[in-house]
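Below, chains carry the letters A, B, ... as their sequence lines are ordered, and counting in each starts from 1. In this text, all values refer to a predicted model and were calculated from it rather than measured experimentally.
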2 protein chains.
Amino acid sequence: MPRRSSGRVTLQHIADRVGVTKITVSRALREPHRVSAALRLRIESAIDELGYIPNHSAGALASGRSHSVALLIPSLSNSVFSEIQRGVQEGLSEAGYQVLIGHTGYSILEEERLIDTYLSYGVEALILPGTRHTDHACRLLARARVPVVETLELTETPLDINVGLDQHEAGVAMTQAFLERGYRRVGFLGARMDHRAQLRMAGWETAMRQAGLSAQRCLTTPHPSSYRLGGEMLGSMLERWPDLEAVFCCNDDLAAGALFECQRRRLEVPGALALAGFNGLDITEATAPPLATVVTPRRRIGDVIASRLLARLQGTPLRPSSENLGFQIRIGGSL
Amino acid sequence: MPRRSSGRVTLQHIADRVGVTKITVSRALREPHRVSAALRLRIESAIDELGYIPNHSAGALASGRSHSVALLIPSLSNSVFSEIQRGVQEGLSEAGYQVLIGHTGYSILEEERLIDTYLSYGVEALILPGTRHTDHACRLLARARVPVVETLELTETPLDINVGLDQHEAGVAMTQAFLERGYRRVGFLGARMDHRAQLRMAGWETAMRQAGLSAQRCLTTPHPSSYRLGGEMLGSMLERWPDLEAVFCCNDDLAAGALFECQRRRLEVPGALALAGFNGLDITEATAPPLATVVTPRRRIGDVIASRLLARLQGTPLRPSSENLGFQIRIGGSL
DNA sequence: TTGAAAGCGCTAACAA
DNA sequence: TTGTTAGCGCTTTCAA
């Protein structure tokens with residue numbers, strides 16, 4: 001009788017039942033072709049009968065491989081990340097990796113905590129939203145010698161693999177779309193104001209200044225985006241700048257909320273006020289009128305992350321690199 | 001030189017540096033009060049210097065405890081689950097548990113796969129969306145002897161802990177709200193048609209039949225819900241049943257999409273058509289008019305799950321139980 | 001307050 | 001094709 005034991009079925013139990021040693025059972029699971037067919041069948045049925053579940057910790061400890069990858073996302077309620085997740089998941093799970101999802105709530109401190117946690121879980125790669133991290137997080141990542149993907153935005157100084165799009169450029173492009181259509185008093189509405197929102201706003205400012213126009217009509221808040229907030233903030237903007245002709249919102253949620261507020265106020269969109277959002281979520285095509293937006297290649301980002309990461313995990317040495325997947329301006333009917 | 005070694009910093013490295021044994025370092029981390037203050041400080045600075053990250057697998061293997069709990073959610077893009085997650089996370093992480101999130105995509109087969117995976121990770125509890133599982137999943141859960149929470153809906157035969165609300169009753173209540181306001185030709189619009197959507201629809205049918213009314217005006221699809229789909233399906237319903245007076249949608253996304261379609265068709269809501277959704281998401285309060293909906297206590301569900309689970313994990317033996325957290329009907333302005 | 005010994009369940013490396 | 005041996009990094013148990 002062992003001194004300590006969990007009571008769970010182990011490889012040894014299967015081995016005893018079949019009359020082989022545990023390494024053979026282990027092989028039957030991991031390299032079935034290296035075990036004779038007859039034996040394999042007996043092992044499989046014993047596993048089934050006894051309800052064996054492998055102990056991942058033991059395997060990871062012995063092999064030094066966890067077969068898992070961490071994907072950190074800022075928000076669980078934002079479809080932007082769910083599409084990236086789908087691409088990553090599909091690519092990596094085919095290759096035998098488990099994707100562990102972590103939720104940062106847009107906080108780089110929480111990100112740091114999760115990086116620590118997942119490194120202690122022995123993940124073989126980390127996928128991070130954004131390119132801003134705490135110093136401590138960067139130190140952890142450097143020491144871990146594990147592939148790291150930074151995504152969504154681009155940086156000149158990637159830690160390792162960087163896949164995303166130029167948020168500033170997208171902000172410029174959307175603003176120019178307003179200007180090309182003759183709008184001059186174009187405001188900016190921003191919430192949460194994470195790094196990407198800041199970049200989009202900076203793009204708006206750049207484009208306005210370049211056109212010799214005022215970038216004063218700007219309202220931001222650190223609060224999280226929501227439809228309701230979009231409506232409320234649009235109200236404040238209209239009060240403060242009654243001459244407003246158009247509003248570029250830092251994301252689709254705010255833009256939709258702003259559109260609803262216009263409907264309540266019987267303000268024609270785009271007749272009395274033009275609107276645009278950012279991301280190209282489903283809602284922008286559903287509203288009346290459809291919303292102008294910057295369509296970001298989220299699914300593709302997920303796919304590309306998976307493929308770059310797999311190359312890296314399978315040994316292809318890559319030096320730090322940035323990959324710009326671009327964006328598209330969709331005018332919809334609100335501009 | 002050891003035959004195998006990961007090159008990572010281990011407890012032993014810290015111990016060597018400080019001049020103690022590894023068990024003392026281990027204690028300094030887990031039971032700091034049992035190590036002298038001076039030593040503790042030296043250990044802490046060595047940990048910092050060398051960048052030690054504990055190996056979770058080794059700890060879990062040795063102690064038989066993983067300090068982690070799995071939370072499976074059907075969709076990453078549905079705010080319904082993000083609020084539950086927040087409650088669960090807050091409650092459990094305070095108590096030292098790591099919450100591992102898994103994504104089932106509404107598939108009980110995928111759920112089964114994730115249950116298997118997370119059991120092999122040694123999670124100390126599982127939180128599942130819904131009360132329907134594959135037979136194999138039930139067998140896995142039974143053998144695992146680990147607390148299980150089934151949530152969102154209620155069942156007469158909980159596996160263990162069941163926290164949710166009566167989806168059928170909510171469907172009945174919302175339908176009755178239509179009837180009380182004089183609507184008679186009330187249709188039902190459903191997408192995805194997971195078990196909860198089915199229960200809501202059954203509630204609608206029950207209420208209509210009890211009132212002696214026809215439950216024919218019903219359109220469903222297995223496709224995932226989206227705003228766009230809500231609009232398209234409403235179009236089909238109006239074509240098929242031009243006499244439709246009201247539509248109860250199985251969730252808020254569909255209802256919002258239906259509202260947008262009404263706006264496009266210049267159909268007054270609720271004048272020409274009344275609408276209602278389900279869940280009470282942010283969007284229902286933002287649209288013009290605000291949407292009638294069934295407000296579900298999602299945050300509270302998360303909180304209650306955490307507290308029941310902690311009690312259970314800390315040893316309080318509970319027999320299988322169902323907890324009904326109820327719902328509220330909010331009329332908004334679309335009814 | 002600190003340490004020695006053993007073992008958690010598995011896999012790598014080598015052997016037959 | 002199957003087995004033997006050692007050890008992954010940590011914690012438990014018992015001892016000092």
Side-chain angles (χ1 to χ4, degrees), chain A residues 1-43 46-47 50-68 96 119-122 124, chain B residues 1-43 47 50-68 96 119-122 124 144:
Chain A
M1 174 92 175
R3 273 224 318 240
R4 285 148 52 193
S5 115
S6 60
R8 262 177 55 165
V9 178
T10 71
L11 274 188
Q12 188 65 62
H13 292 112
I14 308 297
D16 291 348
R17 163 74 66 111
V18 176
V20 292
T21 58
K22 57 187 181 179
I23 185 64
T24 303
V25 180
S26 173
R27 279 205 196 96
L29 286 167
R30 293 176 301 125
E31 312 164 286
H33 60 278
R34 291 192 48 195
V35 172
S36 70
L39 191 50
R40 202 164 62 222
L41 283 175
R42 286 169 52 216
I43 289 177
I47 284 177
L50 299 185
Y52 170 67
I53 294 181
N55 182 322
H56 176 267
S57 294
L61 183 58
S63 69
R65 299 212 38 199
S66 68
H67 298 281
S68 58
L119 285 178
S120 87
Y121 275 68
E124 300 182 32
Chain B
M1 175 93 173
R3 273 223 317 236
R4 287 149 50 194
S5 115
S6 60
R8 262 177 55 166
V9 178
T10 70
L11 275 188
Q12 188 64 61
H13 291 113
I14 308 297
D16 292 349
R17 163 74 66 111
V18 177
V20 292
T21 58
K22 57 187 180 177
I23 182 60
T24 304
V25 180
S26 173
R27 280 206 194 94
L29 285 167
R30 292 175 303 124
E31 313 165 284
H33 61 278
R34 292 191 48 193
V35 172
S36 70
L39 191 49
R40 203 164 61 222
L41 282 176
R42 286 169 51 218
I43 289 176
I47 284 177
L50 298 185
Y52 171 67
I53 294 181
N55 182 322
H56 176 266
S57 293
L61 183 58
S63 68
R65 298 212 40 198
S66 69
H67 299 281
S68 58
L119 285 178
S120 86
Y121 276 68
E124 300 182 30

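- Side chain of B/Ala62, nearest nucleotide from C/dT2, C/dG7, D/dT1: C/dG7.
- At least one donor-acceptor pair closer than 3.5 Å links the side chain of B/Ser66 to the backbone N or O of B/Gly122.
- For B/Leu11, counting side-chain heavy atoms from C-beta on, the closest listed nucleotide (D/dC8, C/dA12, D/dT11) is D/dT11.
- At least one side-chain heavy atom of A/Ile43 sits under 4.5 Å from a side-chain heavy atom of A/Thr24.
- As a whole-Å value, the separation of B/Asn55 CG from D/dG7 P is 18 Å.
- Within the 4.0 Å cut-off from OP1 or OP2 of C/dC8, not a single side-chain nitrogen or oxygen of B/Ser63 is found.
- To the nearest angstrom, C1' of D/dG9 lies 19 Å from CZ of B/Arg65.
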Query raised in the report: How far apart are the C-alpha atoms of B/Asn55 and A/Leu61, what are their side-chain angles, what is the distance that settles it, and do they pass the side-chain contact (heavy atoms from CB on, under 4.5 Å) test?
Result: CA-CA 8 Å; B/Asn55 182 322; A/Leu61 183 58; 4.0 Å; yes

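- For the pair B/Gln12 (side chain) and B/Lys22 (backbone), a donor-acceptor distance under 3.5 Å is absent.
- Side-chain contact between B/Leu29 and B/Ile47 is present, with at least one heavy-atom pair separated by less than 4.5 Å.
- Rounded to an integer number of Å, the gap from OH of B/Tyr121 to P of C/dG9 is 19 Å.
- In this structure, A/Leu39 and A/Arg42 have side chains that are in contact, with non-hydrogen atoms separated by less than 4.5 Å.
- One interatomic measurement links the two molecules: NE2 of A/His56 to C1' of C/dC10, which rounds to 12 Å at whole-angstrom precision.
- Of the two residues contacting DNA chain C, namely B/His33 and A/Gln12, the nearest-nucleotide position lying further toward the 5' end is that of B/His33.
- D/dC10 atom C1' lies 14 Å from atom CD1 of B/Ile47, rounded to whole Å.
- You'll find that the side chain of B/Arg30 is closest to D/dT12, out of D/dT12, D/dC8, C/dC10.
- A residue-by-residue look at B/Gly59 and B/Arg34 shows that B/Gly59 has its nearest nucleotide of DNA chain D further toward the 5' end.
- At whole-Å resolution of the value, CG in B/Leu61 and P in D/dG7 are 17 Å apart.
- Distance B/Glu31 CD to D/dT13 P: 11 Å, rounded to the nearest Å.
- At whole-Å resolution of the value, CG in A/Leu29 and P in C/dC10 are 9 Å apart.
- Near DNA chain D, meaning a heavy atom under 4.0 Å away, the residues from residues 17-27 of chain A are A/Val20, A/Thr21, A/Ile23, A/Thr24, A/Arg27.
- Put simply, the side chain of B/Arg40 gets close to the backbone of B/Pro32: a donor and an acceptor are under 3.5 Å apart.
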